Structures are given as structure tokens and as C-alpha cells.
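Reading through the C-alpha cells given below for one structure.
Residue numbers start from 1 in every chain, and the chains themselves are labelled A, B, ... in the order their sequence lines are given, proteins ahead of strands. On a predicted model such as this, the values are computed, not experimentally measured, just so you know.
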Protein chains: 2
Amino acid sequence: MSKFSYVDLKFKPDLKKHIIATYYLETNGEDDIKTSASKVAAESSIGTWTDVKTLSKATFERLHAIVFEISDHYPSYFRVSKTIENKMKKDKNKAVIKIAYPLDLFEFGNIPQLLSSVGGNVFSMKCIKNLRLLDLEFPKKYINSFQGPYHGISGIRKKLNIKNRPLIGSIVKPKVGMTPKQYGKIAYDVWSNGIDIIKDDENLTSLSFNKFEDRVREVMKVKKRVEKETGEKKMYVFNVTAPFDLMLKRAKFVKKHGGKCVMIDVVSVGMDNVQLLRKQDLKLVIHGHRAGHSAFTRNDEHGMTMYVLAKLARLAGIDQFHTGTVVGKMDGDEDDVIRIDEFLKEDWAGFDILEENWSSIKPTMPIASGGLHPGLTSKLIEILGNNVIINYGGGLHGHPDGSASGAKACRQAIDASLKNISLSEYAKTHKELQKALKKWGK
Amino acid sequence: MSKFSYVDLKFKPDLKKHIIATYYLETNGEDDIKTSASKVAAESSIGTWTDVKTLSKATFERLHAIVFEISDHYPSYFRVSKTIENKMKKDKNKAVIKIAYPLDLFEFGNIPQLLSSVGGNVFSMKCIKNLRLLDLEFPKKYINSFQGPYHGISGIRKKLNIKNRPLIGSIVKPKVGMTPKQYGKIAYDVWSNGIDIIKDDENLTSLSFNKFEDRVREVMKVKKRVEKETGEKKMYVFNVTAPFDLMLKRAKFVKKHGGKCVMIDVVSVGMDNVQLLRKQDLKLVIHGHRAGHSAFTRNDEHGMTMYVLAKLARLAGIDQFHTGTVVGKMDGDEDDVIRIDEFLKEDWAGFDILEENWSSIKPTMPIASGGLHPGLTSKLIEILGNNVIINYGGGLHGHPDGSASGAKACRQAIDASLKNISLSEYAKTHKELQKALKKWGK
């Protein structure tokens, strides 16, 4: 047992001076929960598994992390599965703990350093069975050390000249396999029929049969033409996911050819590269895909929540971010998605003990994407509201009459929802929607 | 049901033309294992949840991923927990599957793109309950598109002028809290008493009371002095974990001041930044810390194995990599650690169906680090051999007589092990080791 204790349940944290981490913790059954919590606080701040001669009392007092709460329930703003909470109430090896970290432990503006501290070795410790980082709450001073989104929601809406309705997006499908020319053709069909945004899929970067530069040239040509024909503003999201030198080169190429938006797979390249791309001040909208997040977010008792990932994405500078569809092909609890989307759009977060002030960081627009089709539209808008990008992939290009009709059907579904007309009713006079509902249901 | 099938159990993969992924898969119980496997292959290559009009037969044939094996056991080179294998044999919803991906689906030299494909959306699919990427096998052509380590094992040994024995490292403890002057003092004590390598811990980058540049200046001064006094070569591992602009600036600063080695937390910053730092050709040894990996590697049935992470680290250019201690404070199965260490040191991998040829990529030196003390040394060398870096942190600085005696004790434990003398026997004539064994056991 260490001569230093990292637990003080009477301690009152101060969101001016501490970063607060909330974890779900399950011990390995050997330590009690308090000992295990203390070890987590030690390993993620200044301690290790044994007392060292080199740690002075003064340094300990100044820098050690403090477990100030051990409870059997989630923070009030986490409307979490009752199953887990009930299990926790019956099992003394499980708890939600809150740890306050002195701000001096962190390098400002350095997300990797933050993760290596509060999301690092702690997941590996033998003394725990499970550990899940539920939330990170930041002092304003720390938040202010990041740039956040350049455009944010209002900037994106301005670029597209759309005030209140959801933005309508489409992923080109198949994910990969087509040439730039074929992309251009599909983009024309989709944009011309009521869709605002078209995007590359997560695994299309620059491939032998579809070179990045060729795709940009082709698609931008089509965009110009469609904007002229429709009088509407359009956006294409080019996937620049790659080591940073290549990412920057490609982003500059997009900029040079009049593009407005690039996509980054934030898990594959890390938030640090989002920070760095944002820092270049290319004034591009940065679209954040989250492919791979479920490797560490999906297990309810281990890893990290999408909520934490969303906070980091907004700090780093993501303008629009994939947060879940509730109703689509991907896993994602309704309450979780709602909380994440709310956070991204607001200038505050938290509220359990202390309120975080995010007013210096622009809001990020949530994206619902993955397995969506017209029949899910009204339900989705009912759940997520209007301030969202709704992406249709297979549910557009899989339309029995092809992509152009698919685009019409998606737009009709949005229009019906905004007019509060049921999709079945609207489908009576809109044949594209009718065929989509027939194929995929509603 | 899709009109295209992604399963062909008669298909023979060709390691010249395909990247092969091995997954453990558990369905959600609604689909049978074959359907679920087909969906995973679709989502990670060119398919989605519904057939799309835009996917031609020809494109499908050329680019679709193929599930060519569904079995109830792990690859023969995975000496995996019998518990999981036995569960799998009894449960038709669980299997190990192998998928072949045509090489054209990938951008050469782009690790994030690889991850977004085979380690991306697939973890999120509602149709699976669990999915774990066990292995990725690469064609030589793909492997050759990466630089790999600049120095490798022989390069590191040459720099330190040590031929056969394990390299002995120490992490400065406490992790953070001391000033550069204090670091210098500790480095002197440790280096002077038989330790080869000293390193920053994972959460120390540049902090208000210990600026990166000040630490480099101070430590390099001490290093010069110790090398002169002892006639031995020493190495300091500076943690440059940060967004890439800062990382590069700091790495160059290390280089300029005569440093030989920098550390990157590879999970926090991503393998792409390892690739990019390697590409700068600063000729620095790159030390890979893995803080945070357990968020996605620890669950035996979901996420990704450390084996895959180790393969990516070696491709990207890591010269020395944390792989596990077996006997220390961190989680990590003995067989797993052995397999990873073997791979890092060899010029081949795999052997189940096809042999991967890694001869163009230098070997990476494994590091055992986390909770080690002198008493564990003989056991560790017995398990891992001599071609390894053994890091002592708390188990050195926690010595009853302080860091200098701790360093002596660690070195004595190594010497005893190499001479095949039992630690207790050796301790009779070596008082530092004696005190260490008394404190922590053996």
C-alpha cells in the first residue's frame, strides 16, 4: 500500500484548476474499489505501482490526481442503460468514479498528451477488470488553448445558403470501385435532384483507378455546372485521410480547385492531425468521419465513450462530425446520440457538478450517416431535430430506378417531414418516394 | 439478401495479390455466421447494407473482399486461450474468419487508409456482437511501400556498443513533477550505475515546470559527463508526443543537441505520424510507447490484437516497441507477448497458410516495461530472451536507498541472470540486490 493516498472524498474540485475525468471502474476483485480507484488516479498522474524515493511530499501535494467521488450511479446528464446501473448497485467491485487532475499535469493544446495521461496506461492495469472513460470536463483556460471549428454550424449553413432545414448528404456508393468520370456522373444525378452535399466514403483516398487529383478535377467541374443549372449551392467532401504531408498536399489541392470541404477519418489519423490541419488556416470545412471508433467505444464497460471523442473532435476543429443515426445500420444508443448532438450544438456541457464553458469554441454540426433510407427520415428528424446533416448512401443509390430517383426520394422524404405530412401520404403523389418506401419500408 | 455473395470457401488466396485479415466474429444471433461474415467483408471493401444500382458485376468481381475460411479455431500460430476456443466450438454464432482483400483496394504507404478499411466501420455494425481483428497479412509489395525502422535492433546495439545482453532501461519516476535539474541528477545516478537507457514517461512532454527544451539541454549535458566518466555509451529517450509540427520541432531540437532517440505514444498520435517522423530522415531511434492500446486490445473478443498493432508499428518505422512484460503490472498474456516479440525480431511472419516476407523491413527491438523490479529479471529473460530492452521504473527508484542503489540492483539482477546464478545466491554478495529482493520479493 502506498504511503500516499489519491482518494479524498471530501475534496471539492474547481473547474478553473482541474480537468475532471469520470470513469466507470470495475476492479479485478482483489482490491476494493477505493484502492483500485486510487491506483487509477496514481497511474494517470504522478504515481506508479510502488512508492519511489524521488517523489517528494511537496510534489505530491501539488500534482497528484484526486478521486473525489465514488458512486453507484452515472452522472445525471448520462441517461445510461439501467441494466448497467442496476448491476453496479449490486456489485461492490463496480463504481463510477470522478477524478480531478491539476491543470499543471497537462500541456495546453496537445490532445495526444491528454490521452496518454487520462486515456493511457490506465486501461492496461492488471488491478482493473474494466475501465471506461465516460467524460472529460475541461476548464475554460484549457478549452481556449484549442482553435475549434473554423466554420461551425452557421458557417456551413452560410456556405450552402440553407437556413433551417437539415442538410441532405449522400455518400457515393459503391464505396470504392468507380472512376472519377463515374463519380462525376453520379454527383450530377444526385446534386441535380435536391441533395446538398456529396461525400467520399471512408476507405476511398487515392487508388490506382481513382486518383485523388483526378476525382477533384472531375467533381469540381460537375459542381460548377450543377450550381449554375440549379441556382443552389453544393458541397463535395473529399477524403484526405493519409499521413499529414499527403493530407496537407491534398487539402491544398482541393482548395486550389475551388473545393470547400475535406474529410478526415479522425480515429485512423488521430485528433492531433485534425488540430494541425485546422491550424493551416485553409478555411476549408473539416468533416470528421469516425471509422474504427467502435473498437474502443462499443463495449459499455471498457474503453471510451463517443461523448469524449466528440468533445475532442470539437476542440480539435471538426466542423461536422458523424455521431450516429439511432435508426440505421450502425450501433448507437438513442440517448447517447442525443446527448452527443446536444453537446456539439451548445456552448456549455456537463452540469452534474460544474458547468463547462464552451462559448469560445464554435458548435460542430452532427452528421447522421449509416444505413439510412427515405423511410427512416421523419423518425430521424423527430429524434435529432433540424440542425443535422442526414446522409443517405445505399438508401439512395439502391433506389430501384437509380441514383437520380433515389436523390428525389430522399429529398421528398425530407420535404414531407418538414411539412409534417406522413411519408405514406406524401408518397401518394411522389412516385420516387413511393418506390423507396416499397423497397425498404418506413 | 444481397445479390452478390462475399463468401467463397473454395477460394485460394494469393499473398502476392491480397491482404488477408483474420477476425474473430460473433454474430448478434439474427444472422448466421456466413451471412454475418459476408456483411463484414462487404462493409470493409465495396459493399453496404443494400444492393446499389451503381455497382456493376465487373467492379464487384475485380474488387470485392472474399471470406475464404470460416473455422472454429484460431490460426495455428496463435497459441490462444483454450477457454475462448472451447466456447467457440460450442457456439454457432462464433467463428474465426479469414478475408482476402484485393490489393487494389488499398493506397500503398497509407496506414490510416488501411485501418479505415479493415479496422473501420466493421466494428460498429449492428449485425455483429463482437469483432476482433486478430491478424493482417501483407504482400511483399505492400510491405515494401513502407520504410520500417531506420536503425532496427542491430543499429540500436551499435549505438550503445552492446552485443548480446538485454539492454537495460529506466523510466524517470515520478512520471511528472520534477524539474529538468532534478532529471539531470537522477539521470546521473542511474546511468553511472550500469543502466544504458533512460526515458521520459508517457505523459511528460513539455510542462510548465519542466519545459522540453530545458530538459534536453540538462540531460544531454549529464549524458556527456557520464559517457566520459564510464567509457560507456548511453541513450536518453525524449518524449515528443504532440501534434506533428511540435513533434518535428522537438525531434530536431533533440538531434541538434546530440540526442539519439525520441519517443512517440503511437496510439495517441497514430501510426501515420510515426511514418511521417521516420520519413524526415533525422536518423533518430524512434521509441514506441503504446499508452492507451488496451482501450481496444484488452477485450479478447473485440477490437484489435497487440500483434496487429506491432505489425503496423514496425511498418511505420518504430525501432523499439513496448510489447508487454508478462510478469509486471500491466495486462498481457505470455503467449501473446512471445509471439509479438518473435515477429518483431524475424524477417517473416504468419505461416498458417502463407508466409509473409518481412525481409525488406528491419527488425524492431521489443521493450518490456511496466511494474518490473530486480526480482522479476531472471524469469523475464527466461521468457523473452536477451534481445529485449528491460525497463525498470518504480522497481528502481523505489529502492530503499534511492535511485543509484536501485540502478545497481537492477544491473546486478541482469548480471546474475546472464551468469545463470540465482538472484538469491547473487544477492548474498550484492547488497543493493539484496535490499531490492527484500522489498519486492523474487
Donor-acceptor pair, B:Asp272 side chain versus A:Phe244 backbone, under 3.5 Å?
no

Residue B:Asn273 versus chain A: region with a heavy atom under 4.5 Å:
side chain

Side chains of B:Phe209 and A:Arg62: does their closest heavy-atom pair fall under 4.5 Å?
yes

Between B:Leu246 and chain A, which part of the residue has a heavy atom less than 4.5 Å away: side chain, backbone, both or neither?
side chain

Measuring from atom CZ of B:Phe296 to atom NE2 of A:His302, what distance do you get when rounded to the nearest 0.5 angstrom?
10.0 Å

Just give me the residue among A:Gly406, A:Pro400, A:Gly109 that pairs up with chain B most often, heavy atom to heavy atom, under 4.5 Å.
A:Pro400

Please check if the side chain of A:Lys175 supplies one atom and the backbone of B:Glu43 the other of a donor-acceptor pair under 3.5 Å.
yes

Could you tell me the separation between the OG atom of B:Ser208 and the CD atom of A:Glu107, rounded to the nearest 0.5 Å?
10.5 Å

Checking the side chain of A:His399 only, and the main-chain atoms of B:Lys53 only, is there a donor and an acceptor separated by less than 3.5 Å?
no

Of the non-hydrogen atoms in B:Gly394 and A:Thr48, which two are nearest, and what is the gap between them?
CA-CG2, 3.9 Å

State, to 0.1 Å, how close A:Trp49 and B:Gly395 come at their nearest heavy-atom pair, and which atoms those are.
CZ2-N, 3.5 Å

Pair count under 4.5 Å, heavy atoms only, with chain A: among B:Val122, B:Val172, B:Val267, B:Leu105, highest is B:Leu105

Could you check which of B:Leu133, B:Asn130, B:Leu204, B:Val269 has the highest count of heavy-atom pairs closer than 4.5 Å to chain A?
B:Val269

Heavy-atom distance under 4.5 Å to chain A: side chain of B:Leu55, backbone, both or neither?
both

Could you have a look at A:Asp245, A:Ile171, A:Ile111 and say which one has the most heavy-atom pairs with chain B under 4.5 angstrom?
A:Asp245

Residue B:Lys439 versus chain A: region with a heavy atom under 4.5 Å
side chain

The reported gap from OG1 in A:Thr50 to NE2 in B:His373 (rounded to nearest 0.5 angstrom) is 8.5 Å

Kindly give the heavy-atom pair with the smallest separation between B:Ser294 and A:Phe123, and that separation in Å.
CB-O, 3.2 Å

Output the option from A:Gly270, A:Gly398, A:Ser56, A:Gly393 having the highest count of non-hydrogen pairs under 4.5 Å with chain B.
A:Gly398

Quick one: what part of B:Phe60 sits under 4.5 Å from any heavy atom of chain A, side chain, backbone, both or neither?
neither

Please check this pair: side chain of B:Asn110 against backbone of A:Thr241, looking for a donor-acceptor N/O pair closer than 3.5 Å.
yes

Within the side chain of B:Asp104, is there an N or O that forms a donor-acceptor pair under 3.5 Å with the backbone of A:Leu207?
no

Evaluate the side-chain proximity of B:Thr54 to A:Pro174: yes if any heavy-atom separation is below 4.5 Å, no if none is.
yes

How close do B:Lys126 and A:Val327 get, counting heavy atoms only, and between which atoms?
NZ-C, 3.9 Å

A:Ile46 portion near chain B, given a 4.5 angstrom heavy-atom threshold:
both

So what's closer than 4.5 Å to chain A heavy atoms on B:Ser45: side chain, backbone, both or neither?
backbone

From OG (A:Ser116) to CD1 (B:Ile264), nearest 0.5 Å:
11.0 Å

Could you tell me which of A:Ser206, A:Gly402, A:Ser403, A:Gly119 has the largest number of non-hydrogen atom pairs under 4.5 Å with chain B?
A:Ser206

Can you say whether B:Ser44 sits under 4.5 Å from chain A via the side chain, the backbone, both, or neither, judging by heavy atoms?
backbone

For chain A, the option from B:Met304, B:His289, B:Arg132 that forms the most heavy-atom pairs under 4.5 Å
B:His289

First locate atom CG of A:Leu115, then atom OG of B:Ser268, and finally report the distance between them rounded to the nearest 0.5 Å.
5.5 Å

Atom CG in A:Asn121, atom CG in B:Asp265: separation rounded to 0.5 Å?
8.5 Å

Answer key: most heavy-atom pairs under 4.5 Å with chain B among A:Met271, A:Gln275, A:Arg298, A:Gln113 is A:Arg298

Among A:Thr205, A:Thr59, A:Val176, who wins on heavy-atom pairs under 4.5 Å with chain B?
A:Thr205

Restricting to non-hydrogen atoms, name the atom on A:Leu63 and the atom on B:Gly177 that form the minimum distance, rounded to 0.1 Å.
CD1-CA, 3.3 Å

